[in-house]
Amino acid sequence: MNLLSSERRNLLKVAGLAALLAASPVFAQSTPSITGAQPMQLTQEWDKVFPQSNKVDHRKVTFKNRYGITLAADLYQPKNARGKLAAIAISGPFGAVKEQSSGLYAQTMAERGFVTLAFDASYTGESSGEPRNVASPDINTEDFSAAVDFLGLQDNVDRERIGIIGICGWGGMALNAAAVDNRVKAVVASTMYDMTRVMSKGYNDSVTLEQRSQALEQLSRQRWLDAEKGTPTYGPPMNELKGGEAQFLVDYHEYYKTPRGFHPRAVNSNGSWTVTNPLSFMNMPLLTYIKEISPRPVLFIHGEKAHSRYFSETAYAAAAQPKELLIIPGASHIDLYDRVDIIPFDKLTTFFQQNLAAK
């Protein structure tokens, strides 16, 4: 198989396996400008890709995870709320920022009575961590637990009534966090990816052992190159089209590269991952312990026409009760990023009201 074919290159890029190509001198590029340490400065003006609601109070906050990385987040609270409230931590999609889909979910759920927190993952957006634009199944799982820490310390939050929502690649992170952190009382995975599965096996588990071995060889050699120059190498810019791409790649471009969802701090809109980004994902299956979320409830939401639907279906099959899989008729993968007429917010509200109810 010609790994330098246009179709293969674009497919792997979205999965995070751009390293297969970026390790080649043809595609590798050094991007020192995004690796330099900079003081943490949070943008205070409203710079979301969705309009601000007059039904909630909003403020920027920071908190540290267990590894000492400072995470930046948006805290949303219902106006004039009284007493201790249930809370929800939200993140995703993979390579997005809190000003995009997760913030929309957070603001909408705050309108419906929850304290919500949309946060940037470690090493991305306004959160700290060097080098920039790297991900980790372990550290990003910890990011969710750190968000639970923060919410549970708020005076108006009942720490026994905290749930989480993971969108796209953060669906898998949310499920992994719920499996290890019993403080999470209910979890939703919306239009989910299992990033460890897609990075190690490709879409629909199509990567052969020979291809995987070749990828690991290239990634290993890339480490020498990075070690020699002391900075990571970055892959090609994300979600750029050259023609002939599969529809789901066109859809990603439509969200991340147009006014619909473009944000300058998002990796998927305005950057690229490190070439070696897949390394920590390739040998660490996120959903190994998904059954241990039980007896806490899991809700999977996916679009009927999403290319990624199989991730939710197989995760649902592996999870223990109580669990539910909600398929949205006619919806694509990215429809559940921002289409408020399609995202089942009534279902989300009912799910969390029931499962985060005061005892």
Side-chain angles (χ1 to χ4, degrees), residues 34-49 57-77 87-107 109-110 114-154 157 159 162-178 180-181 183-184 187 195 263-271 273-274 277 280 286:
I34 59 176
T35 64
Q38 297 179 354
M40 196 167 191
Q41 296 179 340
L42 301 186
T43 302
Q44 295 302 320
E45 66 269 15
W46 187 265
D47 63 346
K48 324 300 184 198
V49 302
D57 293 320
H58 160 266
R59 64 185 172 96
K60 302 292 277 287
V61 299
T62 62
F63 53 95
K64 287 191 175 183
N65 69 13
R66 191 164 53 88
Y67 296 107
I69 298 170
T70 301
L71 302 182
D74 288 296
L75 183 67
Y76 298 88
Q77 304 179 84
I88 307 168
I90 306 166
S91 198
F94 191 78
V97 288
K98 63 189 180 302
E99 289 76 18
Q100 296 171 313
S101 183
S102 61
L104 173 64
Y105 273 66
Q107 180 174 259
M109 295 306 290
F114 301 91
V115 175
T116 62
L117 185 75
F119 62 91
D120 285 336
S122 295
Y123 307 103
T124 66
E126 292 186 298
S127 290
S128 71
E130 296 289 338
R132 302 305 295 166
N133 297 2
V134 294
S136 160
D138 177 29
I139 295 175
N140 295 151
T141 294
E142 160 61 21
D143 288 345
F144 258 124
S145 287
V148 172
D149 293 343
F150 176 85
L151 286 171
L153 295 177
Q154 303 309 300
V157 169
R159 66 170 57 178
I162 299 176
I164 60 178
I165 299 173
I167 305 163
C168 186
W170 277 77
M173 310 293 186
L175 295 168
N176 196 42
V180 77
D181 192 338
R183 300 174 304 167
V184 176
V187 56
M195 295 307 301
H263 197 280
R265 289 193 294 273
V267 178
N268 288 344
S269 288
N270 199 36
W273 295 103
T274 64
N277 192 53
S280 61
L286 272 174

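One-based numbering along the sequence shown. Only this structure's heavy atoms are used, side chains among them; waters, hydrogens and symmetry mates stay out.
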Residue list, side-chain hydrogen bond (donor to acceptor under 3.5 Å, both in side chains) with [X], at least two apart or on another chain:
X      : result
Gln77  : Asn156
Thr141 : Asn176
Asp181 : Ser145, Arg183

- Using the side-chain contact (heavy atoms from CB on, under 4.5 Å) rule, take Asp74 and Lys48 through it: C-alpha gap first, then chi angles, then the decisive distance, then the call. CA-CA 11 Å; Asp74 288 296; Lys48 324 300 184 198; 2.8 Å; yes

- Nearest 0.5 Å, what's the CD1-CE distance between Ile167 and Met173?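 Ile167 CD1 to Met173 CE: 13.5 Å, rounded to 0.5 Å.
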
- Spatial distance of atom CG (Asn133) from atom CG (Asn277) [nearest 0.5 Å]: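 Atom-to-atom, Asn133:CG and Asn277:CG are 8.5 Å apart.
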
- Query: Is there a side-chain contact (heavy atoms from CB on, under 4.5 Å) between Val267 and Arg132 once you walk through the steps?
  - Reply: CA-CA 10 Å; Val267 178; Arg132 302 305 295 166; over 6 Å; no

Tell me the closest heavy-atom pair linking [X] and [Y], and the distance in Å.
X      : Y      : result
Gln107 : Thr116 : N-OG1, 4.4 Å
Ala72  : Leu42  : CB-CD2, 3.6 Å
Glu126 : Thr43  : OE2-N, 2.6 Å
Leu151 : Val115 : CD2-CG1, 4.1 Å
Tyr123 : Pro131 : CD2-O, 3.2 Å
Asn65  : Ser122 : ND2-OG, 3.2 Å

- Sort and list the pairs that fulfil salt bridge (Lys or Arg N to Asp or Glu O under 4.0 Å) and have at least one residue in residues 136-148, not counting sequence neighbours.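 The answer is Arg66-Glu142.
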
The criterion is ring pair (Phe, Tyr, Trp, His ring centres under 6.0 Å); which residues satisfy it with [X], sequence neighbours excluded?
X      : value
Phe144 : Phe119, Trp170
His263 : none
Tyr76  : His58

- Message: Testing Ile162, Ile90, Val61 one by one against Leu117 for a side chain to side chain contact (heavy atoms under 4.5 Å, CB included), which residue passes?
- Response: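 Among Ile162, Ile90, Val61, the one meeting side chain to side chain contact (heavy atoms under 4.5 Å, CB included) with Leu117 is Val61.
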
- Please report the C-alpha distance between Tyr67 and Ile139 in whole Å, then the side-chain angles of each, then the deciding distance to 0.1 Å, and finally whether the side-chain contact (heavy atoms from CB on, under 4.5 Å) criterion is met. CA-CA 8 Å; Tyr67 296 107; Ile139 295 175; 3.9 Å; yes

Say whether, by atom type as modelled, one donor and one acceptor occur between the side chain of [X] and the main chain of [Y] under 3.5 angstrom.
X      : Y      : value
Asn140 : Ser136 : yes
Thr274 : Val134 : no
Ser269 : Ala266 : no

- Message: If the threshold is 4.0 Å, N to carboxylate O, is there a salt bridge linking Asp120 and Arg265?
- Response: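 Looking at Arg265 together with Asp120, the answer is no, because their closest N to O distance does not fall below 4.0 Å.
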
- Query: So, do Asn268 and Gln100 sit near enough that their side-chain heavy atoms are less than 4.5 Å apart?
  - Reply: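 SC-SC contact between Asn268 and Gln100 ruled out.
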
- pair Phe150-Leu71: side-chain heavy atoms closer than 4.5 Å: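 Sidechains of Leu71 and Phe150: no contact.
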
- Query: Residues two or more places apart in sequence or in another chain: which of them pass salt bridge (Lys or Arg N to Asp or Glu O under 4.0 Å) with Lys64?
  - Reply: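 For Lys64, no residue satisfies salt bridge (Lys or Arg N to Asp or Glu O under 4.0 Å) once neighbours in sequence are set aside.
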
